[in-house]
Amino acid sequence: FPFTAIPLDFDISSPLTYGTPSSRVEGTPRSGVRGTPVRQRPDLGSVHKARQVDLHSDGVAEDVVATEQSLGQKLVIWGTDVNVASCKEKFQRFLQRFIDPLAKEDEDIGLDLNEPRYMQRLEEINMVGEPFLNVNCDHLRSFDENLYRQLICYPQEVIPTFDMAANEIFFDRYPDSILEHQIQVRPYNALKTRNMRSLNPEDIDQLITISGMVIRSSQLIPEMQEAFFKCQVCAFTTRVEIDRGRIAEPSVCKNCNTTHSMALIHNRSMFSDKQMIKLQESPEDMPAGQTPHTVALFAHNDLVDKVQPGDRVNVTGIYRAVPIRVNPRVSNVKSVYKTHIDVIHYRKTDSKRLHGVDEETEQKMFTEERVGILKELSKKADIYDRLSSALAPSIYEHEDIKKGILLQLFGGSRKDFTQTGRGNFRAEVNILLCGDPGTSKSQLLQYVYNLVPRGQYTSGKGSSAVGLTAYVMKDPETRQLVLQTGALVLSDNGICCIDEFDKMNESTRSVLHEVMEQQTLSIAKAGIICQLNARTSILAAANPIESQWNPKKTTIENIQLPHTLLSRFDLIFLMLDPRDEAYDRRLARHLVSLYYQSEEKMEEEYMDMAVLRDYIAYARSYINPRLSEEASQALIEAYVDMRKIGSGRGMVSAYPRQLESLIRLAEAHAKVRFSEKVETIDVEEAKRLHREALKQSATDPRTGIVDISILTTGMSATARKRKEELAQALRKLIQSKGKTPALKYQQLFDDLRAQSDTAVTKEMFEEALRALADDDFLTVTGKTVRLL
Amino acid sequence: AQNVPNSDWEKKVTEYFKEKLKENNATNWVPSLNDVPVHYLKPNSLVKFRCMVQDMFDPEFYMGVYETVDPNTNARVLHFGKYRDVAECGPQQAIDLNSSQTVTLERQTFYCVPVPGESAWVKEISFFASQARVSPSTSYTPSRHKRSYEEDEDMDLHPSKQKEQHMGSGGDIHGCVEPKRLETEASAGHHLISPNCSPPLDLNFPLPGEKGPACLVKVYESWDSFKVNDVLEVYGILSVDPVLSIVNTEERDNSALDPMECMDTAEEQRVHSPPASLVPRIHVILAQKLQHINPLLPACLNEEESKTFVSNFMSELSPVRAELLGFLTHALLGDSLAAEYLILHLISTVYARRDVLPLGKFTVNLSGCPRNSIFTEHIYRIIQQLVPASYRLQMTIENMNHSRFIPHKDYAANRLVSGVLQLASNTSLVVDETQLEQGQLDTTGVHNVTALGNLITWQKVDYDFNYHQMEFPCNINVLITSEGRSLLPSDCQVHLQPQIIPPNMEEYMNSLLTAVLPSVLNKFRIYLSLLRLLDYSISDEVTKAVEEDFVEMRKNDPESITADDLHRTLLVARFLSLSAGQTTLSRERWLRAKQLEALRKVRLQQQKCVNGNEL
C-alpha cells in the first residue's frame, strides 16, 4: 500500500476509508471524467502545467500554421506551435473517423475493419478495463500530416492533449464506465527513427521509435511523486510535489512557524514505479566491424518489468538529454549530456518466436524499389540457374548440390494438419552432403550459415545433445531455473548447419530424429517438460569412415549412419572428386582466377550476396505456392513411376516420404519463380534433382541399380537376397553332413567356399552363421559350431 | 547521426594542423603517449597516440556552444565546447543550461589501447628520432631524459642485452618491461589503491601482461569509417582534467540519493569514466588509419617520396632476401626449406575475401619441433625481432582452459572485454603446441580451441555478445610449432629437419642474434613489412600454363593431387614471387613453387613412414 501510485480522491489516512484496494474500488464506484482520477504520466517527464502564450502579444512561435490562425484561436503552448483546443479537436476527429484502408484481417482479431478503428478500441477499453489507448502513428500521419508532425516534435505537450481528447470521448460514450484511472494515449510506430545509430542531437525531446535488444534491466526504483510532510510539533501536514526531479523540503511549518520541524512520512508519500533498461542495437542494424551502441530507457508504472533481458523490442518514447548536474563546489562542469528515452510504448518483436511464425521480424522492410528489383529478377527465365550460380561462387561446380541448397533456402509451403490430427507437415528441406574430405563441404556450409539470418553452425565433433537442443540452467543470482536453448531451437525458421555429422555421438544424433520429422523438440529435464518448435532445415556434411570414399560400398556403409536418420534427408548428395581432365582444367582456371581477379570483376559476374539474401527473404515471407491440378497429377505419376521401377525386381523403390520430399522440392522451386502456383515445370525439376541425388547416393555398387532401400533400410534388396541365399546354402551344407552335434568353424568355412560358385568372404560367412543362429538352428562358441 | 554542422572555423582548425604536421618532421616534435608517461605531459597540449580501437562506446552529446552568465552583472558570454571535456567558466560565472544559444553536438568515444603485442624495437625506433623529449612539459626532468636516451642507444646497439633483460623478468618474455614504464605503473598503481578500495580497474588489454596507457579517444568527425581493431595514429588535445575524476566520485556517492544517476551501474561508471590520470582523454584533431606500424617505412606508401623509398629498397632486394634466408636457416637449425616457408609465411596477408573464403592467409605448421625445449621460445624471439607485432600463445591445458581468447561483452559494465584473439591486422601469432600435455579440456577450453581453429580457417573471430555472436574478420598470421602434426588446422605443414644440433641452444640462439648487425636487422624488418603491401597479378599466359600443369599432375597422380594442392601451390607461388620482389607470376616461379611443395611433401611422406601410423 505505501507505494501506491494512484492519487486517490479521498484521504487514505482516515480509518473510515481504509480497506483492501479491491473492496475500496467496488465500494466507491466512480465514473465519468470527473470521477476517474488522473494518473500522472512520468513517461512524459513533466508534471508542470504547460505555459500558454497569446500569439498576438508574443511572437515566439512564428511558424504557426495559418489554418489555426484563421480559426481564431491564438493560444499556443509556449515554445511550440501547438494549440490545445484545435489539437484536441483534430485528435477527436481522428478517433471518431479513422478507418484503416490498409488493415489486414489477421492483424486485428475481432475488429470490424469498416468501422472507425479507435472507437472500437475505446469500446474494448470499456469492456476490459485497461485504460491505455495505443495509437499507431502511421495511421495518424495518413489522417492528418500536421497533427502527426506536432506529435513527433512536441510529444510532451501533445500527448496530454490527446489524453484529454480520448477521455472526453470515452466518458461521453460510456459515462458509467469504471476505470482505475483516466485513459492514457500511447502512440507507437513513430516513423521518425528506426535505427539507434541514426539518433542525433536533433532528436532530443522528440517522439522516436527505435528497435533493439534489451540487455539489462534494473530493479524497480520507487520514485517519489509527491512527498508527505508532517510537523513534529503541531502535527500539521502538507504535500509537496516533485519539481524537476527534486522535492523541496519545507523549512518552516506554515501552521506553527517552527523551523525545521517538518519530517517526511514515507508511508503517506506517493511513489511511482520506475525502471532503468539498457537497450542495445540489434545485430542486423550494425555496420560490420563496429560494436553495438546502447541507449538507456526509463520505464514507468505498469511498463516496469514488461521486458526481460534478451527480448527484442520496438520502443516508442521521448528522447531526453540531461546535463550532468552542476556540482556546487566546482564551477566547471562536464560538458556532456546524459541521454535516455522515456518509454511510452513497448512492442516486443519476438514474443511469439517459439510459438509461431513471427511476421514482424520475418518481414524485412523491403522498399518498393527493392521489391520491384526482386520481382523483375524473378521474371527472368533463367532465374533458377542464376541464383544457384550466385550461391557460393568461390566453390566450383557442383551445380546440382547448389540447386538443392537453393531449394532448401526457399523451403516448401507450410501446411497445418493439426485439425486432422497429423500435426504440422514438414516444410523444411533437409540435405546431407557426404564425400571426400577437402571437397569444400565445410565452405559450403559456412557460406549458407553466413547467408541466412537465422542460421546456426555447429560441428558434430564439438556439440553434445545438450548444445543442440536446450538445457536447463540455474541462474546464479535468482536461483531460478532457466531454459537455455541450443543450436536447433535457435535456428527455428532458419538453417542449422552441422559439420562432421558422422563424428556426432549416438545420443546426440538421436535428438535429431524428432527434429527432422516432427519439427519439435521435447525436453524433460530438471522438472521442466516442454516441447519447443524447431522448424529448422538441416544441412549436414559427413565424411566417409575410411579416409576416402569407397565407391565399392553403399552410402550407408561409407558413412556409417543409421538408415533411420538418413531416410529423413530429402536429398543426399555425394561430393566426390571427379577424376576427369576437362573438369580439372576448368577447376584450375576457376582457382587461378580466384587468386588474381580483382574484386570488382568478381562482383560483376555474380549476383550480390545482399540481393540473394533479400530475394530469399522476400520469397520466404510472401510467396506460399499451392499445388495446381496438373502438378498434382504429375506428382502422382512420378510417385507411381518410382514405385513401378522397383516392383519388377521385387523391391520397393519409393516410400511416402519420397513423395513428400518431391512436393516440398516442387514448392520450393515455385517459390524461386515467385509463383503462387506449383506447376509441372516445378515438379519436373524436383523429380530431376531428386533422381540426381538418388543416383549419387542410393546406387547399389554391386548391381549399379538405384535402390532406395539402401537409404530406407540400410541394405540394398539384392544384398539382402544374397545374404538369405547364403544362409540357406549353409543350412543345407550342415544338414548334408548328417547328425554331427558340433562342427569346426574353419572346416565349415572352407567347405562352404568350396561349394559356393561365388566368392564368400569371412564376413559373409559370419553373417550367414548369425542368421542361422537367430533361427535357433545353431550356436557358435569360439571355434566350434554346435547344432541345436 | 553525423550531421555535425562543421562550421568554417572548425574546418580551418583541422586544415591548419594537417599542414603544420606536414612540415619538416613536425610529427616528431609532438610527444607521444606511447612513449612519454602521462604525468610528464602538459594538460591540454597536442599529443599523438598510436593505438588500436579496442571498443566503441556510445556516442555522446556535448555542449558545442554554451553560455555563461555572471550572476552579479548579468553579463553573458558564449563559449565553444569542442575539444574539451569540461565546460569551463570563470569563478564568478555560472553556466546557463537553459540558454537558447546552447548548441548540442555529438561526438564518438573509442576506447583505445596500444597496439597489442607491439615489438620493443618498434617503440625504440619510433621514438629514437623523436625530438619531443625536449621537454614539452615543465615537469619533465632533464636527467631522466638523458638516462632513457642512453638506454635506447644501448639497446639499439646490443639487441642481445635487451633480450637478457627480457629473460630476467621471470621468463615472461612478452612483458617487455622498460625501465621508464615502471614509473608509469607505479603512479598508476597509486591511483588504483584509491580510498574507495575498489578492485583495480582492468584496463582491458587484449594480451596478458601488456603495459602502456589506455586512452579514451574522442572523435569529432567521420567516426563511421573506423572499425574495431583498426590501428590508428591520432593527433589531439590531451585532457587529464582532475575534475573528470572528481565528478566521477561525487556521482558515485550521490547515486544512492538521486534516481537520475542510477542510470548506469557503478561498474559502468568505473569503466566509462575512469580516472583521467589512469586513462587520459584525447580530443582528436587528426586521425588516420595506419597500414602498418613499422617505423622504418614511410607511413603511407602512395605518396611521392615513399615511392622513391620503395624503389630504392626494391633494387637491393635479392641480397636482403638471401641474407634473411641464411639467418632464418641458422635459426631453424640449418633447415633451409623450413626457412623458405617461414619467409613466405611472414609476408602472407589476407588480401581479399571471396564470399566466406579469405585469400592470402598462409598458416604454417612447423612440425618436428623438439618437445619441452627452449627451441620454440627462441624461434618466437627471433620472429619478435623481425615483425612489428607478435604474440606467443602457449597451448597448455591450463592456458586453454583458463584464458580469455574470445572477446565478450560485459553487459554490467557495458564494454567489450578483450581476449587474446583481439589483435590488430598482420600480427604474428605463434602458437606453441609443444607445450601441450594430455588432459581434459573444459567448456572454455573447447571454445577456445574452436575459436583458434576458426581464426585459422576463416580468419574471423566470433565475438561473444551473450545473446548473439558477431563476426569480426581479422588478418592474423598464425605459425604453429608442434611435435607431430598439429591438432589445429593449417594451410601447410612443414616438417623440421635440423641439420645441426647445437649443444647449448640458448647460447647458439643468442649468438645468432648478436651476430646480426642492427642495420641488417632493420633491412629484414623493412623487407617483411614492405612485401606484404605489394600488389600481385597473374598473366593469362601463365594462367594457361598453370592449368596445363594441373591437368598433367592430376593425370599422373590423381590420388594425391587435389584442388587443395592447387590452392596451396598458387599461394606459395604468389608469396615466392613477392618475396623476390616480382609482382607477376613467371613460369620459373611457378616451377620453383611446385618444387618446394614437392620437397615438403617428400618430407611428410618420410615422416609418415618413420612414425608408422602417425598423422
Side-chain angles (χ1 to χ4, degrees), chain A residues 197-201 204 213 215-216 218 221 223 245 274 276 278 283 286-287 289-296 310 321-324 326-327 330-340 392-394 438 443 446-447 450 462 577 579 581 584-585 587-589 591-592 594-596 599 602 609, chain B residues 1 3 55-56 58-63 66 81 84-89 91 93 95 97 104-106 224 227-228 243 246-247 250 259-260 262-263 352 354-357 359 411 414 416 446 450 458 467-468 470 472 536-538 543 546-547 550-551 554-555 558 562-564 566-567 570 574:
Chain A
R197 219 160 261 273
S198 51
L199 286 178
N200 65 39
I204 289 171
M213 190 171 64
I215 52 167
R216 198 176 68 212
S218 75
I221 308 161
E223 193 182 44
K274 182 173 170 179
M276 198 279 288
K278 273 266 159 159
M286 238 174 314
Q290 306 211 341
T291 57
H293 286 177
T294 56
V295 71
V322 186
I324 291 171
V326 184
N327 189 320
V330 188
S331 57
N332 293 344
V333 291
K334 257 172 121 176
S335 61
V336 181
Y337 294 98
K338 286 211 164 197
T339 52
H340 70 264
S394 67
Q443 208 183 316
Q446 194 78 21
Y447 181 87
N450 277 300
D577 217 354
R579 308 218 158 105
E581 197 181 312
D584 291 347
R585 192 175 299 276
L587 176 69
R589 191 171 309 145
L591 287 184
V592 176
L594 194 67
Y595 274 89
Y596 82 95
E599 199 101 19
M602 291 295 283
M609 198 158 160
Chain B
N3 41 4
D55 193 4
M56 292 169 159
D58 297 328
E60 60 186 27
F61 292 174
Y62 67 99
M63 297 176 220
Y66 60 92
R84 35 172 98 171
D85 281 306
V86 175
E88 282 173 9
C89 56
Q93 291 171 327
I95 292 172
L97 293 172
T104 309
L105 294 176
E106 191 182 6
D224 278 355
K227 294 191 162 122
V228 173
V243 173
I246 291 173
V247 168
E250 289 281 329
M260 245 8 219
C262 297
M263 223 190 288
R354 292 277 178 266
D355 37 78
V356 289
L357 192 73
L359 298 178
Y411 284 113
N414 197 15
L416 188 67
V446 172
T450 320
W458 309 111
Y467 305 102
H468 60 100
M470 215 157 31
F472 283 81
Y536 174 78
S537 66
I538 306 177
T543 311
V546 169
E547 264 171 53
F550 180 66
V551 173
R554 291 269 294 182
K555 231 190 241 165
T562 62
D564 269 356
L566 182 58
H567 264 286
L570 280 167
R574 178 192 171 96

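Naming convention: chains lettered A, B, ... in sequence-line order (proteins, then strands); numbering from 1 in each chain. Values below: all heavy atoms of this structure, side chains included; hydrogens, waters and symmetry mates excluded.
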_Is it the case that the side chain of B/D58 and the backbone of A/T294 share a donor-acceptor pair, with hydrogens and angles ignored and the cut-off at 3.5 Å?_
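Yes, B/D58 side chain to A/T294 backbone: donor-acceptor pair under 3.5 Å.
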Give, for atom [atom1] of [X] and atom [atom2] of [Y], the distance between the pair rounded to the nearest 0.5 Å.
X	Y	atom1	atom2	value
A/Q446	B/W458	CD	CH2	4.5 Å
A/Q290	B/M56	CD	CE	4.5 Å
B/M470	A/T291	CE	OG1	7.0 Å

*asked:* Using a 4.5 angstrom heavy-atom cutoff, name the option from B/R84, B/E547, B/E60, B/K227 with the most pairs to chain A.
replied: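 Ranked by heavy-atom pairs under 4.5 Å with chain A, first place is B/E547.
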_Testing the basics here: between B/Y62 and A/Y337, what is the closest heavy-atom pair and its distance to 0.1 Å?_
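Looking at all heavy atoms of both residues, the shortest contact is C-CE1, 3.9 Å.
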*Shortest non-hydrogen contact from B/F61 to A/P201?*
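Scanning both residues, the minimum pair turns out to be CZ-N, 3.6 Å.
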*Below 4.5 Å from any heavy atom of chain A, which atoms of B/T104 appear? Answer side chain, backbone, both or neither.*
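Backbone plus side chain of B/T104, per the 4.5 Å heavy-atom cut-off to chain A.
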